[in-house]
2 protein chains.
Amino acid sequence: MSNLKSVAKHSKVSIATVSRVINNDPKVSKATMLKVMASIEALEYKPNRVAQRLRSTNNKTKLLGLIIPDIQNPFFVDVVRGVEDYAYQNNFAVMIGNFGQDEKKEKLYLDILQSENIDGLIVAPIHGKDKGIENLVKKNIPVVCIDRGLTEIDVDVVKVDNEQGAFNAIDHLLSIGHRRIAFISGNFKIPTYIERLAGYKRALNDYGVAFDEKLIFSRDTDYKSGFEIANKILELKDRPTAIFSGNNLLTLGALEAIHAKSIKIPEEISIIGFDDMPWSISLNPPLSAVRQPGFDMGRKAAEMLYERMLNPAKKKENIILKTELILRKSTTRLE
Amino acid sequence: MSNLKSVAKHSKVSIATVSRVINNDPKVSKATMLKVMASIEALEYKPNRVAQRLRSTNNKTKLLGLIIPDIQNPFFVDVVRGVEDYAYQNNFAVMIGNFGQDEKKEKLYLDILQSENIDGLIVAPIHGKDKGIENLVKKNIPVVCIDRGLTEIDVDVVKVDNEQGAFNAIDHLLSIGHRRIAFISGNFKIPTYIERLAGYKRALNDYGVAFDEKLIFSRDTDYKSGFEIANKILELKDRPTAIFSGNNLLTLGALEAIHAKSIKIPEEISIIGFDDMPWSISLNPPLSAVRQPGFDMGRKAAEMLYERMLNPAKKKENIILKTELILRKSTTRLE
DNA sequence: ATTTGTCATGTAAACGTTTACATTGTGTCA
DNA sequence: TGACACAATGTAAACGTTTACATGACAAAT
């Protein structure tokens, strides 16, 4: 690989001058600039980002870290795409870690990314008191939290109005006559789900429907839990007429359970999922869902991160995006 | 952040000794080793991977590049997970680029990853004559191609037996009486799809069924194409009794089209998709599919890459994994 | 007592950049 | 003409490591 030195030799200037050309330093004369550019072209020189990063921390050679809990979840895929979209346009590189709700793994990624001198980090914290992330913030490494914030410390956050999103879903179900609505939640140690439960309760309250603890189910936040919980729900004596499921994966698990028992959606049971998926419309019947703008969240987070990099002293922001209730065919009026 | 120097000062040895401790050099005495370890602990020292990578190319601080065409495709998500799984176990970091079938973007990622001094690259080439990747191979940077190979040059490849996979699907459809089977293919500039077509033809041939060009459809490799092509197919006068769709996204698009027209699967039309998805069983009816072992492919590719890093002169390998035909409820015997 | 060898440690160069500072050349002003 | 400003370029240190080589201490061999 060619380097500064070889370019310098080729165009008979010092390496400092070549470096200046690369960085568009206005102090270099037009003539030498052209000469150097020609050499760069000829030798196919590309700056070594590792050396750049080692030398200067100041977001010259930008590297972003992105740590997400579950890359199998289409919502996080959207987030990744959003971050990546912004990164691509601004010549950042992105380093991704997928920790699968494993705190040890998250910790390891945090360490690795720090060792890689990342300029900033976007992360969906495993819970609100994540010490590892807190430490980064304290070290003044730019951090933006996505999907969930941190409770102990002030930090930039991009999230969604979970309470309102859940409210809208339940409100809709109530408005079409449902009264026994089961909630398949993710793990309540994740703040997101606490907020969604609050929305559920508020809607019930608005309609004067009593809250029934027995209709709330929470275990892990994965496919299997969705399947198992739905099975339990479907066997309840006084079976709920509708299910509100707390995320993507839980919804899919629930659908498997429902189909396996040949229970008809929406005639025999209605279902709304939190999280829309690109192919929700391909399901049979097409699924009604609370859509989170994952792509936009990712983009916004990357943008905020960049601003924070440029201006570390800036006041911390808390961006809350709206969800959208998308009604398709998986819910129907209760006669 | 603490560094070698601060650790050296803290334990009153030279930085060379500290470095030796980090790298488990046997030449350092037990006593100093313990002393240095204590300092490392006390100062929470973590080696700076950037400096390590700059200094030594020889896979000490391992960084893998991973370039995939489409992170929205669950198959590639599985590949990512496989690569990441191996990387995690072996303390590599992974840098991911998602180029969305855009050759310019792929090129950019190739450049960035090179500038990041990656120790090796796993990539799904956009087509068989990808010059950018060829160049890397010629520069002796370890490269493993995944899902598709390169035609002009010898390179390590991990792929799947596409021909046989398609054959199995079509063979099954033929065996249960179907004769007019539409193939919704991805773009034929991607070698994968040429191979799948070959399997389609071989099965037909085995059954003595004439090949009908009019049943083969190819445009882009995305959801929209699947939807549009399926619409066209469903409106054919002599409508096919079965559809074989060439990948994940095409299948989902096709399903939307079928459901929108309220055509019953499998009573009115059978469908088999190439690529299984974690939630294929949640579809209604559960989808029959040709399963590719994406996770295993990713793991295997990472493993091969590591071997190539350790032994650059090793003979190039071409690993072909088997697909598996998973029969669920989206196909039925033609009466 | 001197030589030799071994082991543990230190010194300094190198990786490819950026950048503070020094140097050179040129033109302007008094 | 001499002093000076300014523009363009060069020199060298620094970023945090690894590692070839040098050094020193000590034990064994002569």
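Proteins get letters first, then strands, A, B, ... in listed order; numbering begins at 1 in each.
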> Phosphate oxygens OP1/OP2 of D/dT9: is one of them under 4.0 Å from a side-chain N or O of A/Thr32?
Replying inline: yes
>> What contact category does B/Val50 fall into here, base, sugar-phosphate, or nothing, at under 4.0 angstrom with non-hydrogen atoms?
In response: nothing
> Reckon B/Arg53 touches a base, only the sugar-phosphate, or nothing at all at heavy-atom distances under 4.0 Å?
Replying inline: nothing
>> From CE of A/Met33 over to P of D/dA7, roughly how many Å is that when rounded to an integer?
In response: 18 Å
> To the nearest Å, how far apart are B/Asn117 CG and D/dT17 C1'?
Replying inline: 13 Å
> Within this structure, what is the NZ-to-P distance between B/Lys5 and C/dT11, rounded to whole angstrom?
Replying inline: 13 Å
>> Does A/Lys5 have more than 12 heavy atoms from other residues, nucleotides or ligands lying within 6.0 Å of its NZ?
In response: no
> Hey, does A/Ile22 reach any base, or is it just sugar-phosphate, or nothing, if we go heavy atoms under 4.0 Å?
Replying inline: nothing
>> Strictly distance-based, threshold 3.5 Å: is any side-chain N or O of B/Ser11 a donor or acceptor partner for the main-chain N or O of B/Ser39?
In response: no
> Side chains of B/Leu136 and B/Leu121: does their closest heavy-atom pair fall under 4.5 Å?
Replying inline: yes
> Quick one: is B/Asn23 getting a side-chain N or O under 4.0 Å of the D/dT18 phosphate, OP1 or OP2?
Replying inline: yes
>> Could you check whether A/Arg53 pairs with B/Glu116 (Lys NZ or Arg NE/NH1/NH2 to Asp/Glu carboxylate O, under 4.0 Å)?
In response: yes
> Within the structure shown, what part of the strands sits under 4.0 Å from B/Ser19 by heavy-atom distance: base, sugar-phosphate, or nothing?
Replying inline: base
> Would B/Asp119 and B/Lys62 count as a salt bridge (Lys or Arg N to Asp or Glu O under 4.0 Å) if you check the C-alpha gap in whole Å, the side-chain angles of each, and the deciding distance to 0.1 Å?
Replying inline: CA-CA 6 Å; B/Asp119 302 292; B/Lys62 291 158 277 191; over 6 Å; no
> Nearest to the side chain of B/Gln52, which nucleotide is it out of D/dG10, C/dA8, D/dT17?
Replying inline: D/dT17
> What's the CD1-P distance between B/Ile15 and D/dA14, to the nearest Å?
Replying inline: 13 Å
> Rounded to the nearest Å, what distance is computed from the CG atom of residue B/Asp25 to the P atom of nucleotide C/dG10?
Replying inline: 13 Å
> In whole angstrom, what separates A/Lys27's NZ from D/dA5's P?
Replying inline: 16 Å
>> Less than 4.0 angstrom between a side-chain N/O of A/Ser29 and OP1 or OP2 of D/dA7, yes or no?
In response: no
> The side chain of B/Ala51 lies closest to which of these nucleotides: D/dT17, D/dC15, C/dA12?
Replying inline: D/dT17
> Out of D/dT19, C/dT18, D/dG16, which nucleotide sits closest to the side chain of A/Leu4?
Replying inline: C/dT18
>> As a test of reading the structure: which of D/dA20, D/dG10, C/dT17 is closest to the side chain of A/Arg55, going by heavy atoms?
In response: C/dT17
> So which nucleotide from D/dG16, C/dT9, D/dA14 ends up closest to the side chain of B/Val28?
Replying inline: C/dT9
> Counting side-chain heavy atoms from C-beta on, which of C/dA8, C/dG10, C/dT19 comes nearest to A/Ala16?
Replying inline: C/dT19
> In whole Å, what is the span from the CG atom of A/Leu43 to the C1' atom of C/dG16?
Replying inline: 15 Å
> Counting side-chain heavy atoms from CB outward, which of D/dT9, D/dT19, C/dT17 is closest to A/Tyr45?
Replying inline: C/dT17
>> I'd like to know whether B/Asn48 forms a side chain to side chain donor-acceptor pair (under 3.5 Å) with B/Asn3, so could you lay out the CA-CA distance, the side-chain angles of the two residues, the decisive distance to 0.1 Å, and finally the verdict.
In response: CA-CA 8 Å; B/Asn48 181 317; B/Asn3 54 18; over 6 Å; no
> Base, sugar-phosphate, or nothing for B/Thr17, non-hydrogen atoms under 4.0 angstrom?
Replying inline: sugar-phosphate
> A/Asn3 has a side chain; which of C/dG16, C/dG10, C/dT18 sits nearest to it?
Replying inline: C/dG16
> In whole angstroms, how far is the C1' atom of D/dT17 from the CZ atom of B/Arg20?
Replying inline: 13 Å
